[in-house]
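Labels below follow one simple rule: chain letters A, B, ... track the order of the sequence lines, proteins then strands, and each chain is numbered from 1. Heavy-atom basis, side chains included; hydrogens, waters and symmetry copies ignored. These figures come from a predicted structure and were not determined experimentally.
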2 protein chains.
Amino acid sequence: MTRMHKENNLSKNQQIIFDLIDKSPEPLKAYTILYNVQKKGINAPPQVYRALDKLVEIGKIHKIESKNAFVACKNSDCEISKATAFSICESCEVVDEISDVKLSKYLSSFNHKKGMKFKRFNLEFFGLCKKCK
Amino acid sequence: MTRMHKENNLSKNQQIIFDLIDKSPEPLKAYTILYNVQKKGINAPPQVYRALDKLVEIGKIHKIESKNAFVACKNSDCEISKATAFSICESCEVVDEISDVKLSKYLSSFNHKKGMKFKRFNLEFFGLCKKCK
DNA sequence: TTACATACTGTTATATTATAACAATTCTAA
DNA sequence: TTAGAATTGTTATAATATAACAGTATGTAA
């Protein structure tokens, strides 16, 4: 077994999969990732999903729920990983992570009337990007 | 073939499935719906998904993306169906649609720096509800 | 250094969610 | 009344995700 890459805090599989997502200009789906890492010895879905789960948990990537796809976090080393917002073009499917301090603060301090305490949110905007409109 | 229930704008299958979702205290998944409407002659997944797609399109129901489940719209006959917000308890899984005019206005008028024009958004808050915290 | 707990890996099988494709029926509006 | 649009029914299959189990690596505390 190769040694783990603990110097940067990610295990071997986590690093391979993070690198792939981080280099991708678009959100990647789990099975697209699988096909692309089979040459590196990652052969089965559970290996991909486990790495994805961990990367989401530590904020290195985010899941775009409406697309079942994953993007690397672009916001200052994932400080706001529990407060995510994305813009999604309905035509060309481009996804951008929105980093807007005011928006983030506004939502983070939003209080539910029914007394719920929020720890996390995910916001997905849909529309047409500059090119497509 | 039985006649369609056009008096209220929904087809037979759409009405059956909407009624089920509307009566449910919790979000329903597509296959849970399927199992529950088989006695009414809806036998196959495409019949369920087609009705769901249409109901989402016309704003009678919403999809909770993080749960792949569907809830009836509770907001004044679905006027804001293109601007949805939900609170989700991570412990008991209770989901509530948030109807907060200020929040809705704030997000509807949010402008993306990159010049994207938004037509729609979906916001999901996660935390612990009153009972669970 | 050992031994224990925790995290990670590999693997097979299967569960869950969703759509393609095609044929037929029903509805609606002109 | 008839043509187009929407809906239905059906079979098959695609796409997404997890269960379960066995083994390996790593950190840490005795």
Side-chain angles (χ1 to χ4, degrees), chain A residues 1-21 26-71 93 95, chain B residues 1-21 24 26-71 93 95 124:
Chain A
M1 170 68 49
T2 52
R3 80 180 277 95
M4 295 201 181
H5 299 192
K6 277 297 175 189
E7 61 274 11
N8 56 12
N9 224 32
L10 295 182
S11 73
K12 172 173 143 284
N13 288 1
Q14 289 160 14
Q15 188 70 57
I16 290 168
I17 287 172
F18 175 73
D19 287 345
L20 184 68
I21 295 171
E26 59 193 4
L28 293 179
K29 287 168 167 276
Y31 277 73
T32 304
I33 292 168
L34 177 57
Y35 301 140
N36 279 284
V37 297
Q38 284 184 325
K39 48 183 165 295
K40 305 216 171 178
I42 297 175
N43 302 302
Q47 295 175 291
V48 173
Y49 281 102
R50 283 190 295 228
L52 290 173
D53 287 349
K54 189 69 184 184
L55 291 167
V56 166
E57 184 192 324
I58 64 180
K60 297 288 286 181
I61 65 173
H62 304 304
K63 182 173 187 181
I64 312 298
E65 293 286 356
S66 61
K67 298 170 76 75
N68 297 318
F70 299 85
V71 293
E93 309 253 305
V95 174
Chain B
M1 171 64 54
T2 53
R3 78 181 280 97
M4 293 203 182
H5 300 191
K6 275 300 176 188
E7 60 274 11
N8 56 12
N9 225 32
L10 295 181
S11 74
K12 174 173 142 283
N13 287 1
Q14 289 160 15
Q15 187 70 57
I16 290 168
I17 287 171
F18 175 73
D19 286 345
L20 184 68
I21 296 170
S24 170
E26 61 193 2
L28 293 179
K29 289 169 164 274
Y31 277 73
T32 304
I33 293 167
L34 177 56
Y35 301 140
N36 278 283
V37 296
Q38 285 184 323
K39 49 181 164 294
K40 303 216 173 181
I42 297 174
N43 303 300
Q47 296 176 290
V48 172
Y49 281 102
R50 283 190 297 227
L52 289 173
D53 287 349
K54 189 69 184 185
L55 291 167
V56 166
E57 185 192 324
I58 64 179
K60 296 288 287 181
I61 65 172
H62 304 306
K63 182 173 186 180
I64 311 298
E65 293 286 357
S66 61
K67 298 171 77 74
N68 298 317
F70 299 85
V71 293
E93 309 253 304
V95 174
E124 298 180 8

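Of the candidate nucleotides C/dT17, C/dT9, D/dT16, C/dT9 has the atom nearest to the side chain of A/Lys12. For A/Pro45, the listed nucleotide lying nearest its side chain is D/dT18; candidates were D/dT10, D/dT18, C/dT11. Each of D/dT16, C/dT11, D/dT7 was ranked by its minimum atom distance to the side chain of A/Asn68; first place goes to D/dT16. The side chain of A/Ala44 lies closest to C/dT12 when the candidates are D/dT11, C/dT12, D/dC21.
Looking at residues 26-40 of chain B, you'll see B/Lys29, B/Tyr31 sit with a heavy atom under 4.0 Å from some atom of DNA chain C.
Interatomic distance, B/Ile33 CD1 to B/Ile21 CD1, rounded to the nearest 0.5 Å: 4.0 Å. Between the CD1 atom in A/Ile17 and the CD1 atom in A/Ile42 there is a gap of 4.0 Å [rounded to 0.5 Å].
If you find the closest nucleotide of DNA chain C to A/Lys54 and to B/Pro46, the one lying nearer the 5' end belongs to A/Lys54.
Inter-residue side-chain proximity for B/Lys29 and B/Leu34 is flagged as unmet; no heavy-atom pair is nearer than 4.5 Å. Looking at A/Asn13 and A/Val37, their side chains never come closer than 4.5 Å, going by heavy atoms from C-beta outward. Annotation: side chain of B/Ile16 is in contact with side chain of B/Lys12 (closest heavy-atom distance under 4.5 Å).
Results of the side-chain contact (heavy atoms from CB on, under 4.5 Å) test with A/Phe70 over A/Leu52, A/Leu28, A/Ile64, A/Thr32 single out A/Leu52 as the only residue that passes.
Checked by atom type and distance alone, the side chain of A/Asp53 never pairs as donor or acceptor with a backbone atom of A/Ala51 at under 3.5 Å.
In terms of phosphate contacts, A/Ser11 brings a side-chain nitrogen or oxygen within less than 4.0 Å of OP1 or OP2 of C/dT9. Between A/Tyr49 and the phosphate of D/dA17, there is a side-chain N or O to OP1/OP2 separation shorter than 4.0 Å. For the OP1/OP2 pair of D/dG9 and a distance below 4.0 Å, the side-chain nitrogens and oxygens of B/Gln47 include at least one atom meeting the criterion. Regarding contacts with the backbone of C/dG10, a side-chain N or O of A/Asn13 is found under 4.0 angstrom from either OP1 or OP2.
Computed from coordinates, the A/Arg50 CZ to D/dC21 P distance equals 14 Å when rounded to whole Å. Protein atom CD1 of B/Ile64 is 16 Å distant from nucleotide atom C1' of C/dT17, rounded to whole Å. The interatomic distance linking B/Asn43 (CG) with D/dT7 (C1') rounds to 15 Å, in whole Å. A straight line from CD1 of B/Ile16 to P of D/dT7 spans 14 Å, rounded to a whole angstrom. In this structure, B/Leu10 places its CG atom 15 Å from C1' of C/dC27, rounding to the nearest Å. Atom CZ of A/Phe70 and atom C1' of D/dA15 are 13 Å apart (whole Å). For the pair B/Glu65 CD and D/dA17 C1', the interatomic distance rounds to 16 Å; values are reported in whole Å. The nearest whole Å value for the distance from the CG atom in B/Asp53 to the C1' atom in D/dT8 is 15 Å.
A/Lys67 comes within 4.0 angstrom of nothing in the nucleic acid, heavy atoms only.
Electrostatic pairing of B/Lys67 and B/Glu124 does not count as a salt bridge here, judged by no charged N lying under 4.0 Å from a carboxylate O.
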